Amino acid sequence: MAGTMQKITILGATGSIGVSTLDVLSRHPERYSVFALTANTQWQKLAQQCRQFNPRYAVLVDEQAAELLRADLGSGLNECDTQVLAGVDALEQVAADEAVDTVMAAIVGAAGLLPTLAAVKTGKRVLLANKEALVMAGGLFMQAVRDSGATLLPIDSEHNAIFQCMPSGYSANTAGLVQSGIRKILLTASGGPFRTLSPADLLNVTPAQACAHPNWSMGRKISVDSASLMNKGLELIEACWLFDAQSSQIEVVVHPQSIIHSMVEYVDGSVLAQLGNPDMRTPIAHALAWPARIDSGVSSLDFIAAARFDFEQPDLARFPCLRLAQEVAACGGTAAAVLNAANEIAVEAFLHGRIAFVDIARVVETVLTQQVSIEPSVLIDVQAADSEARVRAKRYIQTFN
Ligand code: NAD
Ligand code: MG
């Protein structure tokens, strides 16, 4: 694609990943142009982004917010000829439009599944931040990638690191880990803000504390997931699909400095690691330009200032969400969609002060034991498991007060 302008749709443009993506794009106006930007409700932030990047389309899921954005952009005070669309179907439309080369999938949660799949099915280069989409529907998602010939590139820093440490050309579709001489994948975890808290102290942590991650600045949902280690569990399932791995071939290693973003160990004993400052612009720039390299705006890693790297085992007793995800990764089926959906409901309830932090794992475990896992053969199987798990999780949460 060298020499030609890439047209990009950003699903979830107003979020943490969306904003970092626009920052990288703004450094390379000769390489990239913005085709569409989408958000859920945040029309003011989207208006600012439209003024700066002048996309052909802006999408808001919320109809009222779309009305406000239309009025704002149409006020004649600016040089922006963006067309404003509303509703969930418009997300799929701007992801699948034939003018689009690359889609950044950065909506949070299950809401990202259909628009991300629309990009996959139309054979785009898909930059996947929305891990929940792959966790929910991994088998069907990867089948869609194979069928359409889409290029799937991981944005999650760990998966992007693993991708960079893999043999060149490795993909889940062409080879297996063993055939490629790989002994295991080492998935690193910061351990989150509560890594050193006692079980007693974990009982009283607040949403604000959970969202104050020591190394990364992220949206609220993924911040809570990082604090509970559910994020690492989702990433374990994500890695199994992306790299055609068994969960037993992936070891989670806590590395509190978040400088090594993950590693790949080969049968000859070599361990390759990808390192860098904890800044999502690095994996975003990597995936945007791959196989080329472009400036991301991220500063050099200062080894002297970093001084040391520590490693420890995750504590599955204090952080049972990781254990639950490991069990789901090993057994497969719709259990992964159930785990994800119950977790989304539980995290939302925790953020609204309705349940305690430690209740997140209780909600997820209870719903997992209530709901039978099947091998999904069509997307509706996944969507039904997701809806049912949400109902069960809400019902269980109601019994708390
Ligand atoms: P965020 O909360 O900051 O942003 C979410 C974006 O999705 C916003 O633009 C919002 O408008 C949009 N959105 C929310 N709900 C929606 C809905 N129902 N329909 C349509 N759009 C909706 O989240 P984030 O931190 O940018 O994370 C986005 C995704 O990237 C998540 O899946 C997360 O796990 C993943 N991720 C994030 C980071 C990070 O550093 N932030 C790192 C790795 C992976
Ligand atoms: Mg990650």
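All ligand and atom numbering here is 1-based and tracks the order in the structure. All values reported here derive from a predicted model rather than from experimental measurement.
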Heavy-atom nearest pair, A13 first then L46, reads CB-CD1, 4.5 Å
Quick check: are there more than 12 heavy atoms from other residues, nucleotides or ligands sitting under 6.0 Å from CD of Q179?
-> yes
Would you please classify the geometry between the Y57 ring and the F35 ring as parallel, tilted or perpendicular, with 30° and 60° separating the classes?
-> perpendicular
Distances only, to 0.1 Å: what are the N or O pairs between ligand 1 and the protein that fall under 3.5 Å?
{"from": "ligand 1", "atom 1": "3 (O)", "to": "S16", "atom 2": "N", "distance (Å)": "2.9"}
{"from": "ligand 1", "atom 1": "9 (O)", "to": "G12", "atom 2": "O", "distance (Å)": "3.3"}
{"from": "ligand 1", "atom 1": "9 (O)", "to": "T14", "atom 2": "N", "distance (Å)": "3.3"}
{"from": "ligand 1", "atom 1": "9 (O)", "to": "T14", "atom 2": "OG1", "distance (Å)": "2.8"}
{"from": "ligand 1", "atom 1": "9 (O)", "to": "G15", "atom 2": "N", "distance (Å)": "3.1"}
{"from": "ligand 1", "atom 1": "11 (O)", "to": "T14", "atom 2": "OG1", "distance (Å)": "3.3"}
{"from": "ligand 1", "atom 1": "11 (O)", "to": "N40", "atom 2": "N", "distance (Å)": "2.9"}
{"from": "ligand 1", "atom 1": "25 (O)", "to": "G219", "atom 2": "N", "distance (Å)": "2.8"}
{"from": "ligand 1", "atom 1": "26 (O)", "to": "S16", "atom 2": "N", "distance (Å)": "3.1"}
{"from": "ligand 1", "atom 1": "26 (O)", "to": "I17", "atom 2": "N", "distance (Å)": "2.9"}
{"from": "ligand 1", "atom 1": "30 (O)", "to": "A129", "atom 2": "O", "distance (Å)": "3.4"}
{"from": "ligand 1", "atom 1": "32 (O)", "to": "E132", "atom 2": "OE1", "distance (Å)": "2.7"}
{"from": "ligand 1", "atom 1": "41 (N)", "to": "S16", "atom 2": "OG", "distance (Å)": "3.2"}

Inter-residue atom distance [X].[atom1] - [Y].[atom2], 0.5 Å rounding:
X    : Y    : atom1 : atom2 : value
K184 : M263 : NZ    : CE    : 9.5 Å
E92  : L11  : CD    : CG    : 10.0 Å
E235 : L229 : CD    : CG    : 10.0 Å

Partner set under salt bridge (Lys or Arg N to Asp or Glu O under 4.0 Å) for E238, not counting sequence neighbours | none
Salt bridge (Lys or Arg N to Asp or Glu O under 4.0 Å) against R323, all qualifying residues, sequence neighbours excluded | E327, E365
Excluding waters, which protein N, O or S atoms are within less than 2.8 Å of the Mg ion (ligand 2)?
-> D156 OD1, E158 OE1, E235 OE2
Aromatic contact, F163 with Y170 (centres under 6.0 Å) | no
